[in-house]
2 protein chains.
Amino acid sequence: MIDEISLKILNILQEKARIPNVEVARQVGMAPSAVLERIRKLEKQGIIDGYEVRLNPERFARGFVAFIFVKAGETPGEIPVGEMLARIPEVQEVHFVAGEDAYLVKIRVADAGELGNIIREKIAQVDGVLSTRTATVLTTFKETARIPIGEARET
Amino acid sequence: MIDEISLKILNILQEKARIPNVEVARQVGMAPSAVLERIRKLEKQGIIDGYEVRLNPERFARGFVAFIFVKAGETPGEIPVGEMLARIPEVQEVHFVAGEDAYLVKIRVADAGELGNIIREKIAQVDGVLSTRTATVLTTFKETARIPIGEARET
DNA sequence: GTTGAAAATATACAGAC
DNA sequence: GTCTGTATATTTTCAAC
């Protein structure tokens, strides 16, 4: 479904998404129009989901990362706790994890103080939340949304 | 350090990073050249870190997410466990978290089987790794690297 | 920051494979 | 169906203000 050339194009875009089309064409050795057509098709097929700018969190007072396990006892018929948590702007990720009826929440804030405020004022207030357990991050070694492609694992 | 106009530009780019410059200029009501100059400056200042294409993980057999707590007893003088974990391609995030001498690892794989393989063959093999505890994700409610800007929180 | 013109790039399209 | 090559439209770049 995805051939070698498209994989190469995707790899180039993963490296540097704002690269001009002609440059991509040069790197894969094809005419720009052909590359453009492929990219448009990858977008329409939903293989390319979109393009994002990556901002430096430190520069926006968002350098402090924490993961919070949120235990919830859902009440049927209401908005799921996960959706309520997702609406908090500082929250970047909300996953429901197996095994303990809990959500795992990734959050980015300025410092420990702000973290405490949000847990108390926003997370604990969500209907159905029973308890939270927080793990604050001291050092980040890797943080990317990139997925390795090229080993012919396409579906 | 960042004024209203640059914030607006960043918000537009966060919405849709591959938008043409002239379109950004239209939206902020300035000349394209001025917008370009601002963007270049934001890039040089490291406020804009880069641009990324967002690929659909499902289409690359990477729809299964898990978080793994990796307990480690570091041996001084060697490569930190966190760095070794970061080198595993399927691993998207590695954080050292406070309180339990443990790393929190986010990983994307095809399925539970592949997860088991990687834990056994790659993670458990890293020098200094003592034990792992895995939480597999059943549902993801939110997953973004976007940080809310605009509330004048800039540093 | 703006304008305006030159250069580069993106897009659409016709024809070859 | 995908590629190349060409034309046309749009955007980027850069100098002058």
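Residue numbering restarts at 1 for every chain, and letters A, B, ... go by the order of the sequence lines. Nothing here was measured: the structure is a model prediction, and the numbers come from that model.
- Taking a cutoff of 4.0 Å between a charged side-chain nitrogen and a carboxylate oxygen, B:Arg38 and B:Asp3 qualify as a salt bridge.
- Residue A:Asn21 contributes atom CG, which lies 17 Å from atom P of D:dT10 at whole-angstrom precision.
- Shown are B:Thr136, B:Thr140, B:Thr139; of these, the side chain to side chain donor-acceptor pair (under 3.5 Å) with A:His95 is made only by B:Thr140.
- Under the side-chain contact (heavy atoms from CB on, under 4.5 Å) test applied with A:Glu52, the options B:Leu13, B:Val53, B:Thr144 reduce to a single match, B:Thr144.
- Put simply, A:Arg40 has no side-chain N or O that comes within less than 4.0 Å of OP1 or OP2 on C:dA10.
- Between D:dG1 and A:Lys41, no contact under 4.0 Å exists linking OP1 or OP2 to a side-chain N or O.
- Taking 3.5 Å as the limit, the base of C:dG1 and the side chain of B:Ser33 contain no donor-acceptor pair of atoms between them.
- Axis angle across the helix from C:dG1-D:dC17 to C:dC17-D:dG1, with five pairs used at each end and values rounded to 10°: 30°.
- The pair B:Arg40-B:Glu43 meets the salt-bridge criterion, since a charged nitrogen lies less than 4.0 angstrom from a carboxylate oxygen.
- Taking atom CD of residue B:Glu23 and atom P of nucleotide C:dT9, one finds them 21 Å apart after rounding to whole Å.
- Annotation: of the two residues near DNA chain D, A:Arg38 and A:Arg18, the 5′-most nearest-nucleotide partner is A:Arg38.
- With salt bridges taken as basic N to acidic carboxylate O contacts below 4.0 Å, none links A:Glu23 and A:Lys16.
- With salt bridges taken as basic N to acidic carboxylate O contacts below 4.0 Å, one links A:Glu90 and A:Arg62.
- Candidate nucleotides C:dT11, D:dT4, C:dG1 were compared by shortest atom distance to the side chain of A:Pro32, and C:dT11 ranks first.
- Distance A:Ile9 CD1 to C:dA10 P: 13 Å, rounded to the nearest Å.
- Counting to the nearest Å, the P atom of D:dG5 and the CE atom of A:Met30 are 12 Å from each other.
- Nearest nucleotide to the A:Pro20 side chain, out of C:dG1, D:dT12, C:dT9: C:dT9.
- Put simply, the residue from A:Ile123, A:Thr75, A:Val126 that forms a side-chain contact (heavy atoms from CB on, under 4.5 Å) with A:Val81 is A:Val126.
- Remark: C1' of C:dA12 and CG of A:Leu36 are 10 Å apart, rounded to the nearest angstrom.
- Note: CD1 (B:Ile19) to P (D:dT11) measures 10 Å, nearest angstrom.
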